[in-house]
*Asks:* 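First the structure, then my questions, so here it is.
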Amino acid sequence: MAKQYVMVIQASKCIGCQACTVACKFQNEVPEGQYRTKSPAVGPTGTYPNVKLYFEKEACQMCKNAPCVAVCPTKASYHNEDGVVLVDSNKCVGCKYCMTACPYDARFINEETGAADKCSFCYEHRVSQGEKPACVSTCVGGALSFGDLNDPNSDVKKLLDKYKAEVRKPEFGTHPNVYYIYEGVK
Amino acid sequence: MKRRQFLKGVLYGTGGTMVALGGFGTFTKLAPQAVAAAKEEAKTVFSTCEMCTSRCTVAVKVKNDKVVKVEGNPHDGATAGTICARGNAGPSLLYDPQRIKKPMIRTGDRGSGKFKEVSWDEAYAHIADKVKTIQKDYGAETIAFASRVNPQDQFFRLIARAIGSPNTFSHEATCPMSRTTALEGTFGNPYIGADYGNAKYIITMGRNFFEGIHVPMVKGVMKAVANGAKLVVLDPRFSVTAAKGEWIPIKGATDLAFVMALANVMIKENLYDKEFLDQYTEGFDQWVEAVKDTTPEWAEKETGIPKDKIVEIARGFAAARPNALIEYGWRTPWTPNDYQLRRAIMIVNMMIGNWEVPGGYYQKKGAGVLAAFPDQSGYAKPTGGGFGPQPAAPKPAKGRIDGAGVKGTPGQLIPPVDGAVGQITESILTGKPYPVKGWFVHRFNPVISMPESDRLIEALKKLDLLVVCDVYMTDAAYFADVVLPECTYLERYEPIIDQSGLVPKLQLRQPAVPLVYADTKPGWQIYKELGEKIGIGDFFSFKDMEEFLTRQLQPAGLTLDQLKEKGFWSPAGMKPFFMRGNDPKAPAPPTNAPNGKIAIFSHEIEEAVKGEGIPKYKQYPQPEEGKFRFVQGKVAVHTNAGTHNVPVLNELMPQNSLWINTQSAAKLGVKDGDDIIISSGQYEHKGKAKVTEGIRPDTVFAYHGFGRISPELKRAYNKGINDNKLIKNEIGESGNVVTSTTFVTVRKA
Ligand code: SF4
Ligand code: SF4
Ligand code: SF4
């Protein structure tokens with residue numbers, strides 16, 4: 001049965017340490033100055049001394065209805081058999097249509113390959129080998145979970161059953177596979 | 001995927017240009033993962049991280065003799081196989097073209113940055129010559145040694161011991177040493193751990209778990225919080241830790257008042273464990289006396305925390321007993337009497353009997369500790385020494401410059417293994433109690449890590465000999481006579497690292513790859529060879545680290561191969577051992593505790609300074625209108641004065657800024673991002689303002705370790721604020737530096 005890979009981000013457990021950011025760079029050889037993911041701070045909001053702050057990991061949202069895939073003239077951007085949005089750099093001509101189409105600003109032109117680049121859920125080098133993505137494996141705060149939503153025993157399924165989760169910018173109708181749980185932070 | 005890798009191969013294969021271009025080091029031709037991948041599958045070398053001093057276990061991924069990635073060690077439950085951003089950045093340090101690659105001898109004036117590259121032999125000969133001259137003219141004791149605590153200290157310090165200098169120091173006076181003093185005074189030893197994961201109530205005063213990252217501790221605190229533990233964070237600044245709990249912006253330098261008020265409430269309301277205190281401690285009566293007037297009303301005036309809040313915290317903390325803890329702190333030297341704050345914290349902890357129970361404090365369980373417990377002693381045997389027979393060391397002609405450890409004097413409060421490192425500056429400049437003429441520095445960066453950078457540099461300029469061993473041309477190395485390039489932790493062995501907690505744990509640091517720069521060496525080898533040149537080679541009685549490690553492990557019944565398997569060893573099948581885990585009345589003596597009791601009143605401290613046997617409050621000045629208390633702290637992506645030039649980490653955070661409260665900034669006409677001048681009266685520093693609601697209006701804050709002085713740290717040079725330029729070199733009551741009593745003014749640049 002096909003998988004539905006999803007990432008679940010629990011903001012209350014993210015400490016903004018950027019271990020994920022760095023792990024991703026090494027895993028995927030992302031060039032200097034470029035990132036597939038980052039975990040910037042949201043806040044502090046409020047007025048002294050009643051302030052709040054949390055972190056929100058940013059990366060490709062792995063949309064089921066992906067505008068980047070829809071606009072790609074060469075089919076370099078595609079969904080693979082497990083629903084993961086990937087870029088075939090052989091086919092990419094660097095036209096940047098996908099970058100414009102992405103509502104999440106997740107894409108960039110890799111300075112070394114000249115092709116569009118973004119989070120791949122570490123599909124080729126890790127997930128297809130049975131490992132978790134690099135960012136998930138190194139998450140110090142324990143904020144990141146990854147797995148197959150079709151598997152009732154997966155962490156992600158259990159988390160999404162237990163907590164109210166949100167996707168980003170639902171109004172775009174993109175149906176992301178990246179979920180955010182804000183319980184305890186907002 | 002193919003074309004992309006092919007393209008990379010072409011790029012990386014075009015000769016030397018990429019090394020110069022590639023700031024990252026990781027993705028230069030020195031570590032082309034794509035190219036390596038074609039030849040060899042990744043192998044894993046288990047070792048120990050050194051991107052900070054927490055020493056997490058790591059799994060180093062190596063392809064074709066290149067480190068392609070560093071990951072957490074999946075066998076280690078303490079980290080759950082995770083490592084922080086700095087740990088992940090290991091390859092970026094390893095392959096950084098800005099590392100120092102050859103020994104160097106200074107050719108221009110100190111601070112001119114003029115050096116010539118020399119052979120190791122020349123470097124050793126030069127040092128040996130100078131050492132002999134200083135020994136002859138002034139005595140060996142005028143040569144000081146200082147390092148950031150590390151497993152190779154036994155080689156570095158052996159040089160001092162063999163030539164007859166008592167003046168060995170660690171960096172600890174700038175970090176947790178006042179806690180060490182407090183723990184020794186209370187428990188008889190400093191090897192006390194905290195079981196965060198099982199705590200139901202955690203109070204932390206300034207300890208910023210989630211930015212001053214120690215991975216296993218982050219895991220513990222996060223586990224507790226996820227299980228519903230209350231986290232109370234007292235800090236003048238809104239840290240990430242504060243964001244995960246209840247933030248209480250306490251007035252700086254008044255923490256002891258808060259702790260004493262907790263005790264006052266707990267005694268008044270009978271919220272403490274009298275039976276525990278009777279059985280395991282001594283001197284509680286004196287504490288009752290000491291806190292009889294430290295009421296919440298009084299503490300409210302001191303700390304700015306409403307009295308009802310203090311009462312609420314005292315009740316909440318006590319209600320969770322014994323699975324609750326007040327954090328004893330890490331980077332602690334805030335005030336001159338900081339050790340008394342740490343003492344008071346531990347006393348209030350003991351009031352709820354959180355000793356040797358889950359969610360409390362415990363004696364770290366090395367093999368030596370287990371020996372006293374018949375049902376545990378079978379799990380581990382102690383390791384041994386790595387040296388063979390050694391000659392007798394000469395007796396130092398004089399005592400230490402800081403008087404550390406001298407009984408019946410205030411120096412007794414200073415742990416002699418660490419020393420009051422700030423005294424080196426003073427002795428160089430004032431000649432008291434006698435001058436310091438030579439200084440060996442190993443993997444420590446006093447120019448940034450010690451207070452009053454300008455005064456320290458003035459001192460460095462007066463030395464006859466300054467030797468610095470490091471991986472970069474650090475700010476201290478920049479002023480050295482001889483610079484010795486060490487290889488990184490990914491290229492060397494080190495002695496066994498004992499990280500025992502609730503179970504024994506021995507860790508290995510081992511080379512993952514051959515030397516990246518052929519003329520760098522591991523510290524142990526540097527000091528062994530230098531020792532031979534100085535004529536004290538007999539002291540270094542081991543052939544190489546394999547022999548050294550084998551000797552260490554043999555008495556424990558272990559082999560080097562066993563350690564290599566997973567990079568660490570813990571006894572199979574042993575459960576976390578709490579002495580009072582099953583029986584709250586079981587014997588639970590801290591190691592070396594006087595009379596086997598936890599000292600609430602400390603006779604040792606009383607012996608050192610009369611009247612200090614029980615903590616008492618000292619009121620320190622508060623900033624007057626227009627001035628700010630200057631406090632500092634750690635950030636998750638950098639380590640102390642260590643990683644700011646590491647390419648990936650520098651890219652994430654190249655500089656700091658000065659946090660200032662919105663209202664305070666408005667009064668000064670300062671806006672977010674403005675250029676400002678920070679002045680302590682004596683010193684000034686340029687910087688940028690970060691205007692925020694997340695700080696007390698009377699306090700300003702900067703992350704530590706920026707504003708680097710060595711132009712050879714090309715990425716970090718001159719970026720941001722060097723906090724220690726503004727802080728005075730005051731030596732605290734237990735030999736600690738004093739970080740948080742400096743007041744500054746701020747104006748637009
Ligand atoms: S899943 Fe992989 S590619 Fe995506 S952010 Fe995490 S580490 Fe980077
Ligand atoms: S590693 Fe985890 S805790 Fe750290 S920033 Fe990334 S998501 Fe947050
Ligand atoms: S906390 Fe980070 S830098 Fe320090 S030892 Fe652990 S992984 Fe390494």
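Chain letters run A, B, ... following the sequence lines, proteins first and then strands; every chain starts at 1.
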*Asks:* Using non-hydrogen atoms and a 4.5 Å limit, figure out which bit of A:Lys52 sits close to chain B: side chain, backbone, both or neither.
*Replies:*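 The answer is the backbone of A:Lys52.
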
*Asks:* So which residues of residues 63-84 of chain A are in contact with chain B at a heavy-atom cut-off of under 4.5 Å?
*Replies:* none

*Asks:* Relative to chain B, which segment of A:Cys139 carries a heavy atom at a distance below 4.5 Å: side chain, backbone, both, or neither?
*Replies:*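 The backbone, not the side chain.
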
*Asks:* So which of B:Ala242, B:Pro249, B:Ala636, B:Gly694 has the largest heavy-atom pair count under 4.5 angstrom toward chain A?
*Replies:*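 Option with the top pair count is B:Pro249.
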
*Asks:* Test A:Gln27 against every option in A:His125, A:Arg36, A:Arg126 by the side chain to side chain donor-acceptor pair (under 3.5 Å) rule and name the one that passes.
*Replies:* A:Arg126

*Asks:* Which answer fits B:Ile248, side chain, backbone, both or neither, if we ask what part of it has an atom under 4.5 Å from a heavy atom of chain A?
*Replies:* neither

*Asks:* Which atoms of B:Arg696 come close to chain A, meaning under 4.5 Å heavy atom to heavy atom: side chain ones, backbone ones, both, or neither?
*Replies:* both

*Asks:* Could you tell me which portion of B:Phe238 (side chain, backbone, both or neither) has an atom closer than 4.5 angstrom to a non-hydrogen atom of chain A?
*Replies:*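 Answer is side chain: those atoms of B:Phe238 sit under 4.5 Å from chain A.
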
*Asks:* Would you check if there is a donor-acceptor pair between the side chains of B:Thr44 and B:Lys61 at a distance under 3.5 Å?
*Replies:*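 The answer is yes; a qualifying pair exists.
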
*Asks:* Among A:Cys20, A:Pro49, A:Gly43, single out the residue with the greatest number of heavy-atom pairs under 4.5 Å to chain B.
*Replies:* A:Pro49

*Asks:* Heavy-atom pairs under 4.5 Å with chain A - which of B:Gly87, B:Ala80, B:Ala89, B:Ala226 has more of them than the others?
*Replies:* B:Ala89

*Asks:* Checking the side chain of A:Asp148 only, and the main-chain atoms of A:Lys3 only, is there a donor and an acceptor separated by less than 3.5 Å?
*Replies:* no

*Asks:* B:Leu652 versus chain A, heavy atoms under 4.5 Å apart: side chain, backbone, both or neither?
*Replies:* both

*Asks:* Please rank B:Ile213, B:Ile695, B:Val225 by heavy-atom pairs under 4.5 Å with chain A and give me the top one.
*Replies:* B:Ile695

*Asks:* Just checking, is any N or O donor in the side chain of A:Ser12 or A:Tyr182 under 3.5 Å from an acceptor N or O on the other one?
*Replies:* no

*Asks:* Counting heavy-atom pairs under 4.5 Å to chain A, which of B:Thr241, B:Asn88, B:Val70 comes out on top?
*Replies:* B:Asn88

*Asks:* Between A:Thr47 and chain B, which part of the residue has a heavy atom less than 4.5 Å away: side chain, backbone, both or neither?
*Replies:*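 A:Thr47 touches chain B through backbone and side-chain heavy atoms alike.
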
*Asks:* Going by atom types alone, do A:Tyr179 and A:Gln10 pair a side-chain donor with an acceptor below 3.5 Å?
*Replies:*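 A:Tyr179 vs A:Gln10: no donor-acceptor pair found between side chains.
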
*Asks:* Do the rings of A:Tyr5 and A:Phe146 sit parallel, tilted or perpendicular, given the 30° and 60° boundaries?
*Replies:*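 Rings of A:Tyr5 and A:Phe146: parallel, under 30°.
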
*Asks:* Does A:Lys25 make a cation-pi contact with A:Tyr35 (under 6.0 Å, within 45 degrees of the axis)?
*Replies:* yes

*Asks:* Do B:Asn661 and B:Thr692 have side-chain atoms, one donor and one acceptor, less than 3.5 Å apart?
*Replies:* no

*Asks:* Could you walk me through whether A:Val178 and A:Val167 pass the side chain to side chain contact (heavy atoms under 4.5 Å, CB included) check?
*Replies:* CA-CA 7 Å; A:Val178 175; A:Val167 295; over 6 Å; no

*Asks:* Please determine, by modelled atom types, if B:Glu211 and B:Ser239 share a side-chain donor-acceptor pair under 3.5 angstrom.
*Replies:*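 No.
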
*Asks:* Check whether the side chains of A:Arg168 and A:Thr174 place a donor and an acceptor atom closer than 3.5 Å, and report yes or no.
*Replies:*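 There is no such pair between these side chains.
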
*Asks:* Measuring heavy-atom distances to chain B, does A:Cys24 have an atom under 4.5 Å in its side chain, in its backbone, in both, or in neither?
*Replies:* neither

*Asks:* Using side chain to side chain contact (heavy atoms under 4.5 Å, CB included), reason through A:Met7 and A:Cys135 one step at a time and then give a plain yes or no.
*Replies:* CA-CA 11 Å; A:Met7 189 177 293; A:Cys135 54; 3.9 Å; yes

